[in-house]
Amino acid sequence: MKAAGFDLHHVRVDAGPLKHAMELNTAYLLKLDADRLLSRFREYAGLTPKAAHYEGWESRGISGHTLGHYLSGCALMYAATGNEELKQRADYVTQELKVCQDSHGNGYVSGIPRGRELFEEIKAGDIRSQGFDLNGGWVPLYTMHKLFAGLRDAYTLTGNRLALEVEIRLGEWLEDICAGLTEEQMQQVLHCEFGGMNEVLTDLAEHSGDGRFLKLAERFYHGEVLNDISEEKDTLAGRHANTQIPKIIGAARQFEASGEPKYADITRFFWDRVVHHHSYVIGGNSYNEHFGEPDQLNDRLGEGTCETCNTYNMLKLTRHMFQWDALAHYADYYERAMFNHILASQNPTDGSVCYFVSLEMGGQKSFNSQFEDFTCCVGSSMESHSLYGSAIYFHQDRNLFVNQYVPSTVQWKELGVTLQQETCFPQEATGRLTVHTDNQVQFTLQIRCPYWAEKGMSIKVNGEALPVNAPSSTYISLTREWQDGDVVEYDIPMTVRVEAMPDNPKRVAFMYGPQVLAADYEYAMSVKERELPAVLIGTPEDIAARITPAGEQLYHLTDRGSDVYFRPFYSLYDHRYTVYFDVFTPEEWTQTEAEYRKSAAYQARLEEITIDFMQPAEMQPERDHEFEGEHVNLGRIYNRKYRDTWPSGWFSFEMKVHPDAPVSLAVTYLKTSDPKIRFHMEADGMRLGQGLLESEELNQLETFIYDLPETITAGKDKIRIRFVAAGGYKVAPVAGVRTVKRESLLPL
Ligand SMILES: [Zn+2]
């Protein structure tokens, strides 16, 4: 270990946008009703709920996941601010969990529907596991992981011993569930998303001093995913991103607890792959929750980019890894993702948060409802916006690392030093660090020179300039006998930089210092250019050189005679924007304009007439569309997922329609030469006709349009679409289904 984090109790964020985000999050945590979050815990423990459960995910199979995040959020924010009301909330939730646990009598406690029965089935070896379904439950171990983590945080951050006692009993219950399962059976269980069970059980072993939990943590090693990573194979494409990241955090904790190098290798390889080969400019990853092929991001821009939970987890992983190696590039990534994804995911007016942070060109942030939705990202954001103080400073022996530029104060108890930082970062990268100490004390201040510091940085100590020549992504080390009142000033000149897509040097984003810039579509941009998602003329470097500061949080560019105004991405919340731009030379644009406009207009029109879209073989879309089937198969070719069937199989799902307008159904098939394909489709039980059959051109996508008879859709909001194989035959691979208002734009 080359560095240690500070106890969150000893760091205070004093001002600026992160402080504002923390205040909004505190207000949100206090507005939530703990009794509503606990409702199903009491119900399933045979006790009368004190209040009705919330709606959204809290009314579904994943109910109870929010309570775990809530307990963590309250404990973290109490540590970060000292707000006693939050500690009282954490204490209350813990006490209530104890009551529910006592009522169950066997250590079990949760708000998962049919949870207790479901785990008894697993204990008996009856295991039915898919990606997000375990014996009919929606990711029950994922939900359990949140509860373990909440109890751990209540214990470590608020000092609540009862939380540890409840957690130990829950751990013993889980050990009993798993005790009789063979290795093969455990791997079957782990086929369904399970959060970071290996992480919380390793923590529990440390906090309880009971080595049994370390053994149990090892049983949550998911070979199918982690074996490839341990052999340095990037097989992440097509995998659900946020299912994997917590497993790696668990591996990181297992390395810290056991010293087993394999776990460190897994962690390092995974971090490098995700940060350098699967991440967008804002530091987020994934499209519609899934990883794609490495370094292939150009065609993966849309509403579904960058699930916020993923970055919550990547930052958590990064905090561990910085402590191992104390390398500046970990802090660089942290800065990028903290300001440009996590902070950017919160609405600065009310504290609501994004599930996906859209990088669609011309897109918009979409915020979840604070009291209706209760998605995973609403839960993890309760923690994210409490954690800003956790990675600003680190220490080791007589070294104090200043990793983040945030107005803040840290108490370094070991040396009797308090360091205060004042800055307007990220708007400006100047600031001052003031040392407060009763006695003169020798230590080394390690100040990060960030990755974007193309012109280096300058340092003054007590007003005197020091000759520093630090390359970016390194530390400037200042060793002195520090005295009370010593002041270090830093100044890092910001420049506009270009970051291109790894697979397309002409699709680029711009950064000003640490800030990702987004063109603000509502602000002084000509109407004509709003039609186009994002086209700029010139070379990327030449355009970057023409972007200039134009006032507070505003940057200006003239392009083809029109004004384009940029804002820091984190500050935009209610306007359309683009982060990525297609850059053309004037000659290229002359050649391409007509085609580009046509394709952009077509895409825009398609979005306009679309009533509903269903991506088969992806968890959330299938759940949202009430997917059902028998003898069903799924697969993926070239990043496109599909559903087909085994012989005599069928599948069906609901699609939204328009009650009083003609609707067409567009089905995208993957062409195949399989002679065993023969099937038909039904809409609400009415046969529509034959689907696509064999084809010469293999693995090409083709879209077929079916006009739905108005007798089927009239007066309805949705209908059930069913694909049925003929006896002994199969359904062709279906890669996408869309309902559209019928019109002449078709065919697709
Ligand atoms: Zn999420």
Side-chain angles (χ1 to χ4, degrees), residues 21 25 28 32 37 54-73 76 131-132 138-147 149-150 192-197 199 236 239-249 274 278-280 282-291 300 302-317 337-338 340-347 351-359 365-387 615 618-624:
N25 191 36
Y28 177 50
L32 287 168
L37 293 171
Y54 282 112
E55 292 302 319
W57 286 19
E58 280 304 306
S59 67
R60 299 171 67 181
I62 199 168
S63 56
H65 81 108
T66 307
L67 185 86
H69 286 297
Y70 183 70
L71 191 48
S72 289
L76 286 163
F132 306 100
W138 182 4
V139 291
L141 279 165
Y142 169 95
T143 307
M144 276 294 177
H145 166 245
K146 310 307 163 215
L147 186 56
C192 176
E193 182 177 14
F194 60 89
M197 284 306 307
E199 172 220 0
L236 297 175
R239 292 199 191 280
H240 185 255
N242 200 44
T243 297
Q244 318 312 330
I245 307 168
K247 296 172 190 170
I248 312 299
I249 296 170
V274 172
H278 293 277
S279 292
Y280 300 88
I282 66 168
N285 60 67
S286 80
Y287 182 58
N288 289 340
E289 306 190 1
H290 290 71
F291 289 122
R300 291 169 60 83
E303 284 179 358
T305 48
C306 298
E307 182 185 349
T308 302
C309 284
N310 303 14
T311 296
Y312 155 82
N313 275 315
M314 284 304 293
L315 292 184
K316 189 171 177 179
L317 186 63
M338 178 172 76
N340 297 302
H341 186 174
I342 295 299
L343 181 62
S345 71
Q346 192 199 51
N347 183 326
S352 59
V353 297
C354 299
Y355 192 125
F356 298 115
V357 171
S358 170
L359 292 177
K365 290 178 191 171
S366 160
F367 297 96
N368 276 186
S369 154
Q370 291 188 297
F371 301 99
E372 305 286 334
D373 289 338
F374 295 100
T375 63
C376 51
C377 295
V378 169
S380 65
S381 294
M382 293 177 193
E383 301 181 41
S384 282
H385 301 289
S386 307
L387 276 162
Q615 175 58 57
E618 283 191 0
M619 171 193 69
Q620 202 54 45
E622 289 196 344
R623 281 193 174 266
D624 289 346

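Sequence positions, counted from 1, serve as the residue numbers for this chain. In each ligand, atom 1 is the first atom listed, and ligand 1 is the first ligand listed. Because only heavy atoms are used, hydrogens play no part in the values below, and waters and symmetry mates are left out as well, while side chains stay in.
- Taking every heavy atom of both residues into account, Pro246 and Gly196 meet most closely at CB-N, 3.5 Å.
- Judged by distance alone, with hydrogens and angles left aside, the side-chain atoms of Gln244 form a donor-acceptor pair with the main-chain N or O of His240 at under 3.5 Å.
- Tally of protein N, O or S atoms closer to the Zn ion (ligand 1) than 2.8 Å: 4.
- The aromatic ring centres of Phe371 and Tyr28 sit less than 6.0 Å apart.
- In summary, of the residues considered (Val378, Ile342, Val353), a side-chain contact (heavy atoms from CB on, under 4.5 Å) with Thr308 occurs for Ile342 alone.
- Cation-pi geometry between Arg60 and Trp138 is not satisfied (NZ or CZ under 6.0 Å from the ring centre, within 45° of the ring normal).
- The side-chain tip of Lys146 points at the ring of Tyr142 from less than 6.0 angstrom away and within 45° of straight on.
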